Amino acid sequence: MPQLSIIVYGPNAQGHLTELLDSLEAHPLPDAEVIVAGVGDWARETAEGHSPETVVVPLPDGTGNAAARAAGAARASGRWLHFVHAKDGLPAGASRLIAERTAELDDTGATVDVLLLGHSTTTWQSASTPSRDGRLLAGAGRADLVLDEAADLLRLTPLLGTRALRAAFWQAHQEQLTTDDEPYAAQAALLHAGRVACLNQVAYEDRKLRPESLPQLTFEDRFALIDRYESLLALAKDRRAARAVLYDLMVRDLVRTFAGENLPDAVAREFFRRASLAAVRWRPEGHQRPAGIEGVRHALLEEGAYTRYRAFQAANRGRRAARKTVRTQKRQIGAKLRDQQYRRALGRPVDPNLAVFAAYWDRGVSCNPAAVAGKLAELAPHIHRVWVVNKENAALLPPGTDHVVPGTRRYWETLATAKYLTNNVNFPNAVVKRPDAIHLQTHHGTPLKRMGLDQMEHPAAAKGLDFAALLARIDKWDYSVSANSHSTRMWERAYPARFTSLDYGYPRNDVFYRSDAQAVRAARERLGIAPGRTAVLYAPTHRDYEAGFTPRLDLAALADRLGEDTVLLVRAHYFYGGAASPLTGLRRSGRIIDVSSYDPVEELCLAADALVTDYSSIMFDYANLDRPIVVYADDWETYRTTRGVYFDLTAEAPGRVARTQEELTEMFLSGAWRDESAAKARAAFRRRFCEYDDGRAAERVVRRVFLGEPEQALPPVIPLDERTPAPTPEEATA
């Protein structure tokens, strides 16, 4: 019995079935079967021309989606079923992710009926983009749930392809789920399920076909939306939380359909009448209308006030148009004024003793720019340092830090007159590169993932990046800091410009060679790590195909397995800094500490006995400490295909590689995480990627860029074998 049956169903709409089957063939899964319930000759011929292991169920033209799904499911033998429409797609590795996640759920003993999946959307004219469902999936985490405890999951896009169903559950509810109204089937599956679970990864691609290529919607199709919601509400009549969510969704969708569709007046009146009846009939007891304009819309709908609603619509459109005009005029006036101020400032002489620093899109004093600024204060105190920091983070600056807030008058005047501009990302497009000013690009990591122009081949990761504007920004660079020759080559490839590469090491990594035992002990004390405990830093990276942060490990279970003597330091990627953390319930439990907001990250590295990461560049920095690193690559194929990479991390890892949580746990329990094989891999990794980091990178940068010293006068890079990194926590507390 395979773990997963992938049931592809429907006609070969516009030839997309070929792409889908090609992708399944390119990533075969031993524990899965593929069944194609193909509608029509084209679908049958396409399926039969692919892998001989594919089971083909030919169906006559005109067979509906529900009948096709049922025919495919009748041939399935897997424990779980994944229905995939022939027009849609599956990202690389998606089926493996689903199979592994369902197997994990089966192993827990809990009877989960539905696994909810993340998805992306592709249109006939745009590349794949992740849906907004990621935040809901991230919020639910990896625990299995009763829907009544997480009714907001009904707000997920109602796509049947984003629900993997337990085969036994499908068989028990096949009659209720066999309908051509797929959004209904998707929601009904949740309402019938005993327990549900989530997979916050893109495992389905919803391909939108051009509406003009599809049969035109009839007026009855619009009325069917009302019938769908009434049926779902009837199904949820005894479930208060689910009914409240469905009611909100119904009113929202009915109002949007009425407002957005250009319906003849007679049809619009009938739709409004039926929608009004449904809104009154199913309104939950004690339901509160939303505030503001949306609440007015709800009230008018419930009252059946068609004429007043149309008048309200017209008035609202007029108000929006007027406000938009005023906002546009204000922006234009403000932009013109700022431009004039900046242009006037550009006419003033460059100040040779003024240096501007920024990091991570103006988040504050951190990373390589902070290390350079610190060394500059020591070696050239006559150069005044000003940081660019956004308004939200200005209050968090160290006392006495001179700073400017983006967009202010002093901000533009400072950027216009500074001799030195240092950043680990790029300054805004509007910043002019003056001939006698120096722009220093420090970067903020060693590139595993594709960067710069290399993202052109990966549009889902580039997300509409303006490559022409990118080239204009990199043309302003005078110097580019590099930690190793791999980075130097990749920066020159991804950012082709005339900058000079400074092969000096990353200044932020100096601390790993300049810290002593007292610094290591102090870092652990600040984090509350008791002496004798093993601290494991878990630092996963951002994924372009996920909308929010979900720990890819069951942290509570991992902490339990590793025992009382192990502390997990969990750090989410900074891209998720503003999101509600799924770690809230685990924080400061003693063995799991959320360090997502802890700065500087280098202190976390000093405090940790080992690092667990996936594809984060933190591994290249942490390797300087010569401490164990474990790569947790549970979705390597998806990441590699979606984001693009420069080398195979699983083959050239800095230590052990785990593909499942069980593998990771066993590595720590058995001691494999720090055995001879792990040390050998780490040594090779350090030789390649810690090439220039020796504790004097910031000094070399300051002397060359700010003091103008010649290359031959700079401190030479100390050979790797002659360097002494900071002591390990075990050594520091001996």
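No experiment lies behind these values; they were computed from the predicted model shown.
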His85 and Tyr204: side chain to side chain contact (heavy atoms under 4.5 Å, CB included), yes or no, with the steps? CA-CA 10 Å; His85 196 283; Tyr204 194 78; 4.0 Å; yes

Check step by step if side chain to side chain contact (heavy atoms under 4.5 Å, CB included) holds for Leu553 and Tyr632. CA-CA 9 Å; Leu553 296 169; Tyr632 181 56; 3.2 Å; yes

Mind running side chain to side chain contact (heavy atoms under 4.5 Å, CB included) on Asp206 and Ser131 for me, showing each step along the way? CA-CA 10 Å; Asp206 176 31; Ser131 78; over 6 Å; no

Are Gln187 and Leu235 close enough that some pair of their side-chain heavy atoms sits under 4.5 Å apart? no

What verdict does the side chain to side chain contact (heavy atoms under 4.5 Å, CB included) test give for Tyr615 and Asp635, after you've listed the backbone C-alpha separation in whole Å, the side-chain angles of each residue and the deciding distance to 0.1 Å? CA-CA 10 Å; Tyr615 324 118; Asp635 63 337; 2.8 Å; yes

Tell me whether the count of non-hydrogen atoms from other residues, nucleotides or ligands lying under 6.0 Å of CZ in Arg240 goes above 12. no

Please evaluate residues Glu220 and Thr218 with respect to the criterion side-chain hydrogen bond (donor to acceptor under 3.5 Å, both in side chains), reporting the C-alpha separation (whole Å), side-chain torsions for both, the decisive distance (0.1 Å), and the verdict. CA-CA 5 Å; Glu220 286 303 321; Thr218 66; over 6 Å; no

Using modelled atom types and a 3.5 Å cut-off, is there a donor and acceptor pairing between side-chain atoms of Arg207 and backbone atoms of Lys87? yes

Crowding at CZ, Arg75 (>12 non-hydrogen neighbours, <6.0 Å): no

Minimum side-chain heavy-atom gap Arg659-Glu100 below 4.5 Å: no

Would Arg274 and Phe223 count as a cation-pi pair here, with the cationic atom under 6.0 angstrom from the ring centre and within 45° of the axis? yes

Leu225 side, atom CG; Thr257 side, atom OG1 - distance, nearest 0.5 Å: 5.0 Å

Quick check: does any side chain N or O of Ser276 sit under 3.5 Å from a backbone N or O of Leu301, one acting as donor and the other as acceptor? yes

Close side-chain approach of Arg256 and Arg297, heavy atoms under 4.5 Å: no

Once you round to the nearest 0.5 Å, how far does CD of Glu104 lie from OG1 of Thr660? 9.0 Å

Closest non-hydrogen contact found for Val39 with Gly62 is CG1-N, 3.9 Å

Donor-acceptor contact below 3.5 Å, side chain Arg44 vs main chain Leu59: no

Contact summary for Gly161 and Leu117, nearest pair of heavy atoms: O-CD1, 3.7 Å

Determine whether Glu53 and Val34 make a side-chain contact, defined as any pair of heavy atoms from C-beta on separated by less than 4.5 Å. no

For the residue pair Tyr247 and His287, categorise the inter-ring angle as parallel (less than 30°), tilted (30 to 60°) or perpendicular (more than 60°). perpendicular

How long is the span from the CG atom in Leu17 to the OG1 atom in Thr46, to the nearest 0.5 Å? 5.5 Å

Under 4.5 Å between any side-chain heavy atoms of Arg283 and Arg289, yes or no? yes

Any donor-acceptor N/O pair, Arg323 side chain to Ala321 backbone, under 3.5 Å: no

Using side-chain heavy atoms (C-beta onward) and a distance below 4.5 Å, is Val202 in contact with Thr638? no

Report the C-alpha distance between Asp594 and Ser596 in whole Å, list the side-chain angles of each, state the deciding distance to 0.1 Å, and finish with yes or no for side-chain hydrogen bond (donor to acceptor under 3.5 Å, both in side chains). CA-CA 6 Å; Asp594 181 5; Ser596 300; 2.6 Å; yes

Closest heavy-atom pair and its distance - Leu81, Ala73: CD1-CB, 4.2 Å

Quickly, which of Leu165, Val8, Asp88 forms a side chain to side chain contact (heavy atoms under 4.5 Å, CB included) with Phe83? Name it, please. Leu165

Heavy-atom nearest pair, Gly78 first then Ala167, reads O-CB, 3.3 Å

Please report the interatomic distance CG(Leu177) to NE2(His192), rounded to the nearest 0.5 Å. 6.0 Å

Heavy-atom donor-acceptor pair, Asn65 side chain to Asp180 backbone, under 3.5 Å: no

Where Ala37 and Ala68 come nearest, the two heavy atoms and their spacing: CB-O, 3.2 Å

Looking only at atom types and distance, does a side-chain atom of Arg101 sit under 3.5 Å from a main-chain N or O of Arg142, one as donor and one as acceptor? yes

Step-by-step side-chain hydrogen bond (donor to acceptor under 3.5 Å, both in side chains) determination, Arg450 to Gln455: CA-CA 6 Å; Arg450 296 272 175 156; Gln455 293 183 78; over 6 Å; no

Are the side chain of Arg239 and the backbone of Leu191 linked by a donor-acceptor contact shorter than 3.5 Å? yes

So do the side chains of Leu190 and Leu116 get within less than 4.5 Å of each other, counting heavy atoms only? yes

Hey, could you give me the CZ/CD distance between Phe169 and Gln174, rounded to the nearest 0.5 Å? 12.0 Å

Kindly compute the distance separating CD (Glu294) from CG (Asp248), expressed to the nearest 0.5 Å. 10.0 Å

Nearest heavy-atom contact between Ala275 and Ile226 is N-CD1, 3.7 Å

Please examine the side chains of Thr111 and Arg195, heavy atoms only from C-beta on, and report whether any two atoms are closer than 4.5 Å. no

Would you call the rings of Tyr639 and Trp636 parallel, tilted or perpendicular, where under 30° means parallel and over 60° means perpendicular? parallel

Flag, side chain of Gln661 to backbone of Asp554, donor-acceptor distance under 3.5 Å: yes

Applying side-chain hydrogen bond (donor to acceptor under 3.5 Å, both in side chains), run through Thr122 and Glu205 and close with a yes or a no. CA-CA 7 Å; Thr122 303; Glu205 179 186 348; 2.7 Å; yes

Where the side chain of Thr157 meets the backbone of Leu159, is there a donor-acceptor pair that is under 3.5 Å apart? no

State whether the side chain of Glu33 and the backbone N or O of Ser77 hold a donor-acceptor pair below 3.5 Å, judged by distance alone. yes

Honestly, is Arg69 close enough over Tyr9, meaning NZ or CZ under 6.0 Å from the six-membered ring centre and within 45° of the axis? yes

